[in-house]
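Beneath this line is the structure, given in structure tokens, with notes to follow.
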Amino acid sequence: RWLLRTLPTEHFKAIHLADPTLSAQQLDFALAEALGAECVRDDPDRTRASVEARLRACTEGGRQMIVLVDEAHAMPLETLERLRLLGQGVGSGDNLLRLVFLGPPELDQRLAGADYAALRDRIVHSLRLRRLNLDDVRDYLHQRLKAAGYKGPRVFSANAVRLIAGLSRGLPRRINLLADKG
């Protein structure tokens, strides 16, 4: 969300896909809507062509397209393949968009499969966030509360932080769940 808010819009157009269960056709419709392209539900080929034309127009206009895929490990292979083809300009040789896949370690395991070789070959950068240690968890909890507008003293005791750190195994998603339930 921070990235989406802070990218300079004159240089970048970012699209966030929060639903990893989209089919390839649903992906085209979602991209058409996000790009303001023609979306013809009863003519998917026309919608696809409209999306590709809009991507080319943005690129030619000097804007880099970025698609952020949340929970990418759950996205169907067909949809990931559609994104890959769009990313390479569907045969034109242009890089029409940059893909950012976000997901748990299962994403790496999935991408290691033979069916994902073409997509894996297109990966330029890969980043894995390390698990947070006890001090990181304490600071993370405080920073999340501060970002939400809380201005008071620390909410979580040292013992609570220790429990959250241990139960979450340092994974921010689990830290968030445990802190919310506490």
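The structure displayed is predicted, hence computed values, not measured ones.
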**Item:** E38, CD: over 12 other non-hydrogen atoms inside 6.0 angstrom
**Value:** yes
**Asked** Could you give the distance from CD (E33) to OG1 (T47), rounded to the nearest 0.5 Å?
**Response** 11.5 Å
**Asked** Are there more than 12 heavy atoms of other residues, nucleotides or ligands under 6.0 Å from atom CZ of R120?
**Response** yes
**Message:** Would you say that R48 contacts D45 through its side chain, given a criterion of any heavy-atom pair below 4.5 Å between the two side chains?
**Reply:** yes
**Request:** For side-chain contact (heavy atoms from CB on, under 4.5 Å), just list the numbers for I123 and L111, CA-CA rounded to whole Å, side-chain angles, deciding distance to a tenth of an Å, and then say yes or no.
**Result:** CA-CA 10 Å; I123 295 174; L111 290 174; 3.9 Å; yes
**Prompt:** Are L119 and F101 side-chain neighbours, meaning at least one heavy-atom pair lies under 4.5 Å?
**Reply:** yes
**Prompt:** Side chain of T79, backbone of L22: donor and acceptor closer than 3.5 Å?
**Reply:** yes
**Heavy-atom check, side chain of L141 versus side chain of V155, under 4.5 Å** = no
**Transitive ILVMFWY side-chain link L77 to L17, under 4.5 Å** = yes
**Asked** Side chain of R63, backbone of C58: donor and acceptor closer than 3.5 Å?
**Response** no
**Asked** Can F29 be reached from V51 by stepping across I, L, V, M, F, W or Y side chains whose heavy atoms are under 4.5 Å apart?
**Response** no
**Request:** For residues E71 and P104, determine if any side-chain heavy atom of one lies less than 4.5 Å from a side-chain heavy atom of the other.
**Result:** yes
**Request:** Check the pair L35, M65 against side-chain contact (heavy atoms from CB on, under 4.5 Å), reporting the backbone distance first and the verdict last.
**Result:** CA-CA 10 Å; L35 293 167; M65 300 297 303; 3.1 Å; yes
**Message:** Are I15 and L27 connected into the same hydrophobic cluster when the rule is that any two of I, L, V, M, F, W, Y join if their side-chain heavy atoms are below 4.5 Å apart?
**Reply:** yes
**Item:** Joint cluster assignment, L163 & V137, ILVMFWY side-chain distance < 4.5 Å
**Value:** no
**R128 side chain near D108 side chain, heavy-atom distance below 4.5 Å** = yes
**Item:** Identified salt bridge (charged side-chain N to carboxylate O under 4.0 Å, His left out) partner of D28 from the options R41, R46, R54, R82
**Value:** R82
**Message:** Would you say that D19 contacts Q26 through its side chain, given a criterion of any heavy-atom pair below 4.5 Å between the two side chains?
**Reply:** no
**Asked** So, R130 side chain and G170 main chain: donor-acceptor pair closer than 3.5 Å or not?
**Response** no
**Prompt:** In Å, rounded to the nearest 0.5 Å, how long is the span from NZ of K146 to NZ of K151?
**Reply:** 10.0 Å
**Asked** Mind checking whether L134 and L171 sit in one hydrophobic cluster, side chains of I, L, V, M, F, W, Y counted as touching below 4.5 Å?
**Response** no
**Request:** Would you indicate whether the side-chain heavy atoms of R154 and V161 approach each other to under 4.5 Å?
**Result:** no
**Asked** Quick one: does L167's side chain get under 4.5 Å of R174's, heavy atoms only?
**Response** no
